[in-house]
2 protein chains.
Amino acid sequence: MDTGDDELLDAAFLALADPVRRRIISRLSRGPATVNELAEPFAITKQAVSKHIQVLEQAQLVTRTRDAQRRPVHLNPARLEALTAWIDQYRLVREGQFRSLDAVLQSRAAASGTQAKDPS
Amino acid sequence: MDTGDDELLDAAFLALADPVRRRIISRLSRGPATVNELAEPFAITKQAVSKHIQVLEQAQLVTRTRDAQRRPVHLNPARLEALTAWIDQYRLVREGQFRSLDAVLQSRAAASGTQAKDPS
DNA sequence: GCCTTAAACAACCAATAGGTTGATAAAGCA
DNA sequence: TGCTTTATCAACCTATTGGTTGTTTAAGGC
């Protein structure tokens with residue numbers, strides 16, 4: 001019953017476990033940006049920022065498009081939702097003191113359009 | 001304006017970036033358990049599981065209590081909420097296509113009782 | 001064509017994460 | 001007291017992260 005998106009959860013949570021990457025997410029929530037723009041506020045090299053973006057991209061939290069020699073990075077909100085969906089399973093179970101897990105998952109799926117899957 | 005809970009977010013997201021630790025969270029959502037009980041379904045040593053629990057404890061996602069020679073581990077749902085709060089900031093901003101960030105944070109704070117803080 | 005800019009690729013390095021085995025501590029039970 | 005159970009501590013090994021510098025590719029501007 002376990003799905004193969006374990007690695008995607010791994011990658012997504014790992015991607016957010018770094019303040020630089022979280023600030024990149026924060027910046028991208030206000031619109032797309034290039035690597036140079038994203039690197040500017042940090043005291044690390046652009047190569048390092050580029051690697052951070054690769055990590056975010058691998059987790060599918062961001063996507064890169066091509067615009068001439070620019071390569072703007074865009075946020076992918078759908079993946080962020082997948083994370084809250086995972087967390088909320090357990091959070092809601094505790095809050096509701098054992099009202100059915102199925103009910104919780106189904107209400108979440110209905111609200112967000114996300115597939116209700118088996119937790120890992 | 002930046003708060004010092006950056007490390008707590010680091011620790012919490014890192015803690016969830018591992019399938020073993022996510023399964024431990026899943027198990028604990030059904031009630032407290034000892035290290036031995038938690039280790040049973042895994043093909044790794046108890047020492048390794050103990051280390052995983054240390055990681056979760058450092059992130060304040062779980063707490064340990066003392067009960068004779070047992071040391072039951074309990075879930076701490078409040079910390080899970082802090083993670084969804086962080087993610088939802090940016091998720092909601094995108095969905096609302098730039099309705100005020102302040103409004104979003106305040107509505108979240110009102111709904112969950114969480115303090116509306118400056119994102120890192 | 002040549003130069004500049006944007007960004008990726010490659011090799012390398014130090015620090016840490018996840019795992020192991022072995023020893024130790026603390027609490028109950030005989 | 002001595003034995004068993006529960007769980008941690010300590011040392012060690014290997015793979016991976018996060019960072020660096022240096023080189024290369026790709027697209028425009030002149």
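Numbered from 1 within each chain, the chains take letters A, B, ... in sequence-line order.
A donor-acceptor contact shorter than 3.5 Å links the side chain of A:Arg21 to the backbone of A:Leu14. No donor-acceptor pair under 3.5 Å is formed between the side chain of B:Gln58 and the backbone N or O of B:Val55. No donor-acceptor distance shorter than 3.5 angstrom exists from the side chain of B:Glu40 to the backbone of B:Glu37, with no hydrogens or angles considered. Looking only at distances, no side-chain donor or acceptor of A:Arg70 sits under 3.5 Å from a matching main-chain atom of A:Val35.
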Any N/O pairs under 3.5 Å between the protein and nucleotides 24-30 of chain C? List them or say none.
none

Set out, line by line, the N/O atom pairs under 3.5 Å between protein and nucleotides 19-23 of chain D.
{"residue": "D:dG19", "atom": "OP2", "partner": "A:His52", "partner atom": "NE2", "Å": "2.2"}
{"residue": "D:dG19", "atom": "N7", "partner": "A:Lys51", "partner atom": "NZ", "Å": "3.1"}
{"residue": "D:dG19", "atom": "O6", "partner": "A:Lys51", "partner atom": "NZ", "Å": "2.1"}
{"residue": "D:dT20", "atom": "OP2", "partner": "A:Thr45", "partner atom": "N", "Å": "3.2"}
{"residue": "D:dT20", "atom": "OP2", "partner": "A:Thr45", "partner atom": "OG1", "Å": "2.7"}
{"residue": "D:dG22", "atom": "O6", "partner": "A:Gln47", "partner atom": "NE2", "Å": "2.8"}

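Nearer to the 5' terminus of DNA chain C, by closest-nucleotide assignment, is the contact made by A:Asn36 (compared with the other of B:Ala17 and A:Asn36).
When rounded to the nearest whole Å, the span between CG of A:Leu56 and C1' of C:dA7 equals 16 Å. Distance B:Ile53 CD1 to D:dA7 P: 8 Å, rounded to the nearest Å. For the pair A:Gln54 CD and D:dG18 C1', the interatomic distance rounds to 12 Å; values are reported in whole Å. Atom-to-atom, CZ of B:Arg64 to P of D:dT6 comes out at 16 Å; the value is rounded to the nearest Å. Distance, A:Leu14 CG to D:dA15 P: 19 Å, rounded to whole Å.
Checking the phosphate oxygens (OP1, OP2) of C:dA8, a side-chain nitrogen or oxygen of A:Ser50 falls inside 4.0 Å.
Looking at B:Thr45 and B:Val49, their side chains never come closer than 4.5 Å, going by heavy atoms from C-beta outward.
Closest of all the heavy-atom pairs between A:Ala39 and A:Lys46 is CB-CG, 3.9 Å.
Other residues, nucleotides and ligands place more than 12 heavy atoms under 6.0 Å from the CZ atom of A:Arg27.
Evaluation of the side chain to side chain donor-acceptor pair (under 3.5 Å) rule for B:Glu57 yields B:Arg64 as partners, not counting sequence neighbours.
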